Amino acid sequence: MAYFEFLEVEKDHQEAGNDPTKKPAVVDLVDVKIGNDYELVVTTFCGLYRYRLGDVLRVTGFYNKSPQFRFVGRQKVILSIDADKTYEEDLLKAVANGKLLLEPHNLMLVDFTSRPDYSSVPGHYVLYWELGRKVKDAKLEPDPDVMEECCFAVEESLDSVYRRFRKNDKSVGPLEIKVVRPGAFDELMNFFVDRGSSVSQYKTPRSVTNEEALKILDAAVVSNFFSQKIPSWELKELHSTI
């Protein structure tokens, strides 16, 4: 019913072989290598030919001769204000660090997405968080100090380029978390499903640009918080990334 191939990508999710004269390699299942990242490409019986799904997988090992994969994220940049580039994998790691601060307060992160906000100068990252209770009687209203620390923890976990623009160049503004009411992400899913997305294949987009979808999220916002601290950055980090 389908034939899968694998398009090599670099660890920063840029296609392998940035030289325009050299096309990125497409390999078969048996030719993938441990530790490498690949974008999934599918050809189907129904007519799709080498359709790029956008999912990036990393080969973690082999079971007998069959490769084992770990889902890394979606291809391409999902957030950018200046020359900063935040990929899905980087955002997932940063949010994972930020949500740890919720656990002592019996709260958990149910789902999230993001968008760049250019309406202010400088622009900044906006995260939409839906929170849930870890225990039945926990207060669903988050403490402002805790949420501000979550904002800072996310920023501190982003790469050195982002932190440089925040601290040194001041061309990126403080990160903002908007808390949405319970069920907001169900409404978002219904919006995309109504427009043709498959229920079985739907995954919450980690960055939303559709204006109608953003209206759904913004209408569900119950509180918002900004990072009150400047993330760390040192000049030596710039040289370590060159």
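Because only heavy atoms are used, hydrogens play no part in the values below, and waters and symmetry mates are left out as well, while side chains stay in. Since the structure is predicted, the reported quantities are computational estimates derived from the model, not experimental observations.
- In the hydrophobic clustering of this structure, Leu29 groups with Val27; members are Ile, Leu, Val, Met, Phe, Trp, Tyr whose side-chain heavy atoms approach within less than 4.5 Å, directly or through other members.
- Look at Arg195 and Glu212 and you find a salt bridge, because one of the NZ, NE, NH1 or NH2 atoms lies within 4.0 Å of a carboxylate O, short of that distance.
- Taking hydrophobic clusters as Ile, Leu, Val, Met, Phe, Trp and Tyr residues chained together by side-chain heavy-atom distances below 4.5 Å, Leu217 does not share a cluster with Ile177.
- Using a 4.5 Å cut-off on side-chain heavy atoms (C-beta onward), Lys134 and Leu102 make no contact.
- Contact record, Phe226 with Asn224: CE1-ND2, 3.6 Å, taken as the closest heavy-atom pair.
- At a threshold of 4.0 Å, the pair Arg166-Asp84 does not count as salt-bridged, since none of the basic side-chain nitrogens sits closer than that to a carboxylate oxygen.
- Annotation for Ser232 and Glu156: closest pair OG-OE2, 2.5 Å, computed over non-hydrogen atoms.
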(request) Under the side-chain contact (heavy atoms from CB on, under 4.5 Å) rule, what do Lys215 and Phe191 come out as? Steps first, then yes or no, please. (result) CA-CA 11 Å; Lys215 287 180 181 178; Phe191 169 81; over 6 Å; no

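- For the pair Glu149 and Lys229, the salt-bridge criterion is met [side-chain N within less than 4.0 Å of a carboxylate O].
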(request) Might you work through the salt bridge (Lys or Arg N to Asp or Glu O under 4.0 Å) test for Lys178 and Asp218, ending with a clear yes or no? (result) CA-CA 8 Å; Lys178 293 186 175 184; Asp218 285 325; 3.5 Å; yes

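- Using a 4.5 Å heavy-atom cutoff, the side chains of Pro174 and Phe152 are not in contact.
- Residues Trp233 and Lys167 come closest through the heavy atom pair O-NZ, 3.3 Å.
- Looking only at distances, a side-chain donor or acceptor of Arg163 sits under 3.5 Å from a matching main-chain atom of Leu158.
- The distance from the CG atom of Asn36 to the CG atom of Leu57 is 12.5 Å, given to the nearest 0.5 Å.
- Thr209 is not listed as a side-chain neighbour of Arg115, based on a closest heavy-atom distance of 4.5 Å or more.
- Separation of atoms CG (Leu188) and CG (Asn210) is listed at 9.0 Å; rounding is to 0.5 Å.
- By the neighbour-count criterion of 12 heavy atoms within 6.0 Å, atom OH of Tyr51 is sparsely surrounded, having that number or fewer from other residues, nucleotides or ligands.
- Nearest heavy atoms, Ser120 versus Asp117: N-OD1, 4.1 Å.
- Going from atom SG of Cys150 over to atom CG of Asp145 covers 11.0 Å, rounded to the nearest 0.5 Å.
- Rounded to the nearest 0.5 angstrom, Ile81 CD1 and Thr86 OG1 are separated by 9.0 Å.
- To the nearest 0.5 Å, atom OG of residue Ser207 and atom CD1 of residue Ile78 are 5.5 Å apart.
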(message) Working note: Met147 + Leu101, criterion side-chain contact (heavy atoms from CB on, under 4.5 Å); need CA distance, chi angles, decisive distance, verdict.
(response) CA-CA 8 Å; Met147 293 306 301; Leu101 300 176; over 6 Å; no

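- For Arg58 and Glu89, the salt-bridge test passes: some basic side-chain N is under 4.0 Å from an acidic carboxylate O.
- A distance of 11.5 Å separates CE of Met189 from CD1 of Ile216, quoted to the nearest 0.5 Å.
- Shown here is Glu141, whose CD atom has no more than 12 heavy atoms of other residues, nucleotides or ligands within 6.0 Å.
- Of the N and O atoms on the side chains of Ser66 and Asn64, not one donor lies less than 3.5 Å from an acceptor on the other residue.
- Hydrophobic clustering (ILVMFWY, side-chain heavy atoms < 4.5 Å, transitive): Val180 and Leu91 are in distinct clusters.
- A donor-acceptor contact shorter than 3.5 Å is absent between the side chain of Asp28 and the backbone of Val30.
- With a 4.5 Å cut-off on side-chain heavy atoms, Ile34 and Thr60 do not count as touching.
- The main-chain N or O of Val42 is never found under 3.5 Å from a side-chain atom of Glu5 such that the two would form a donor-acceptor pair.
- Minimum interatomic distance between Leu140 and Pro182 (heavy atoms only, all atoms of both residues): CD2-CG, 3.7 Å.
- There is no path of hydrophobic side-chain contacts, each under 4.5 Å, that joins Val95 to Val126.
- Taking the salt bridge (Lys or Arg N to Asp or Glu O under 4.0 Å) definition, one finds that Arg70 meets it with nothing, sequence neighbours left out.
- Using a 30° and 60° split on the angle between ring planes, Tyr162 and Tyr125 fall in the tilted class, from 30° to 60°.
- Counting heavy atoms from C-beta outward, Glu187 and Arg181 have side chains that approach closer than 4.5 Å.
- In this model, no donor atom of one side chain and acceptor atom of the other lie less than 3.5 Å apart for Asp55 and Tyr38.
- Between Trp129 and Lys99 the shortest heavy-atom distance is CH2-N, 4.0 Å.
- Put simply, the side chain of Glu8 does not reach to within 4.5 Å of the side chain of Asp37, judged on heavy atoms.
- Between Tyr118 and His124, the ring center distance fails the sub-6.0 Å criterion.
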(message) Could you go through Val154 and Leu127, starting from their C-alpha distance and side-chain angles, then the distance that decides it, and tell me whether this counts as side-chain contact (heavy atoms from CB on, under 4.5 Å)?
(response) CA-CA 10 Å; Val154 173; Leu127 305 184; 4.1 Å; yes

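- No continuous path of hydrophobic side-chain contacts links Tyr128 to Leu107 [ILVMFWY only; heavy atoms under 4.5 Å].
- Between Phe6 and Phe69, a ring centre-to-centre spacing shorter than 6.0 Å is recorded.
- A heavy-atom distance below 4.5 Å is not found between the side chains of Pro122 and Lys170.
- A 4.5 Å side-chain heavy-atom check between Leu92 and Phe112 finds at least one atom pair inside the cut-off.
- Between Arg206 and Asp111 there is a salt bridge, since at least one side-chain N of the basic residue sits less than 4.0 Å from a carboxylate O of the acidic one.
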(request) Step by step, work out the side-chain contact (heavy atoms from CB on, under 4.5 Å) result for Val41 and Phe4. (result) CA-CA 6 Å; Val41 179; Phe4 294 95; over 6 Å; no

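- Between Ser227 and Glu155, the side chains place a donor N or O and an acceptor N or O closer than 3.5 Å (distance only, hydrogens not considered).
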